[in-house]
Amino acid sequence: VHFGVAGYSSTLTRYAALQMEADQMITISAGASDENIYEGNPYMFGFLPGVESKKHDLYGFILKTATEVDVAWNSSSSPNDRPCGRTGCLSTLHFAELSLTCRENLHDVRMQYFGEVQSCEVVSAETTYDTFLSLLRKLKSSNVTILELSLLSVSQMRTITEIMEEL
């Protein structure tokens, strides 16, 4: 195992964080907002806006990285050689969510970072391989570059990963 995904709550993640730090395994928590979990642990990152530190703010990290790539490449190359094309990485970020439910409480946060959220696709526990394939093709054709998967089962995540490797 090279990467960990911690539990939803701060309480669950607090215990996982100790082990992940001991194992020196990069871990992302989908829902732990207690800042103490992240303090002093360089292996823990969180999604929620309640995590105040920009170091652990994944959306902010994505934007910061895209901006830094743009600045580095804009000053040292022709537009045709840039890794994200002529318009740069920041302008190509397009966000979508694939989930059991669209989490409206995060809509404003996503808008703050990415502007308009292109899509929130709702699936069920019974969603088939073919339906996932169709949804992922649709998102790919819509130029989605950031796909957040939330509230999905391990088997659904496995199926999505297999499909993404094929696409």
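Along the sequence shown, the residues carry numbers beginning at 1.
- In plain terms, the two heavy atoms of Ala17 and Asn41 that are nearest each other are O-ND2, 3.3 Å.
- Side-chain atoms of Thr127 and Phe132, non-hydrogen and from C-beta on, do get closer than 4.5 Å to each other.
- With a 4.5 Å cut-off on side-chain heavy atoms, Val144 and Lys140 do not count as touching.
- The shortest distance between side-chain heavy atoms of Asn143 and Thr92 does not fall below 4.5 Å.
- Take Arg14 and apply the salt bridge (charged side-chain N to carboxylate O under 4.0 Å, His left out) test, not counting sequence neighbours, and it matches Asp34.
- Counting all heavy atoms, side chain and backbone alike, Ala125 lies closest to Leu100 at N-CD2, 4.0 Å.
- Counted within 6.0 Å of OH on Tyr129, heavy atoms from surrounding residues, nucleotides or ligands total more than 12; the atom is thus considered enclosed.
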Verdict with supporting geometry, Ile146 and His94, side chain to side chain contact (heavy atoms under 4.5 Å, CB included): CA-CA 6 Å; Ile146 302 168; His94 301 286; over 6 Å; no
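- You'll find the side chain of Glu21 reaches within 4.5 Å of the side chain of Pro42, heavy atoms only.
- What you find for Ala96 and Leu139 is that their closest heavy atoms are CB-CD2, 3.8 Å.
- In this structure, Gln156 contributes its side chain and Ser153 its backbone to a donor-acceptor pair below 3.5 Å.
- Residues Leu149 and Ile160 meet the side-chain proximity criterion, which asks for heavy atoms closer than 4.5 Å.
- Under the 4.5 Å side-chain heavy-atom criterion for Ile, Leu, Val, Met, Phe, Trp and Tyr, Leu167 and Leu135 are members of the same hydrophobic cluster.
- Taken together through direct or relayed side-chain contacts under 4.5 Å among Ile, Leu, Val, Met, Phe, Trp and Tyr, Met157 and Leu133 form part of one hydrophobic cluster.
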Stepwise side chain to side chain contact (heavy atoms under 4.5 Å, CB included) check, Glu121 with Lys138: CA-CA 10 Å; Glu121 302 293 338; Lys138 173 184 159 189; 2.7 Å; yes
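- Shown here are the side-chain contact (heavy atoms from CB on, under 4.5 Å) partners of Glu68, two or more places apart in sequence or in another chain: Lys64.
- Across all their heavy atoms, Val123 and Leu152 have their closest contact at CG2-CD2, 3.6 Å.
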Trace of the side chain to side chain donor-acceptor pair (under 3.5 Å) decision for Thr131 with Ser134: CA-CA 5 Å; Thr131 301; Ser134 176; over 6 Å; no
Residue pair Leu147, Leu136: steps toward the side chain to side chain contact (heavy atoms under 4.5 Å, CB included) verdict: CA-CA 10 Å; Leu147 178 60; Leu136 291 169; 3.6 Å; yes
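- With rounding to the nearest 0.5 angstrom, the OG atom of Ser29 is 10.5 Å from the CE atom of Met20.
- The shortest distance between side-chain heavy atoms of Tyr43 and Met25 does not fall below 4.5 Å.
- Between the CG atom in Leu90 and the OG1 atom in Thr67 there is a gap of 4.5 Å [rounded to 0.5 Å].
- The closest donor-acceptor contact from the side chain of Asp70 to the backbone of Cys89 lies under 3.5 Å.
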Full working for side chain to side chain contact (heavy atoms under 4.5 Å, CB included) between Met44 and Ile26: CA-CA 6 Å; Met44 285 298 301; Ile26 292 176; over 6 Å; no
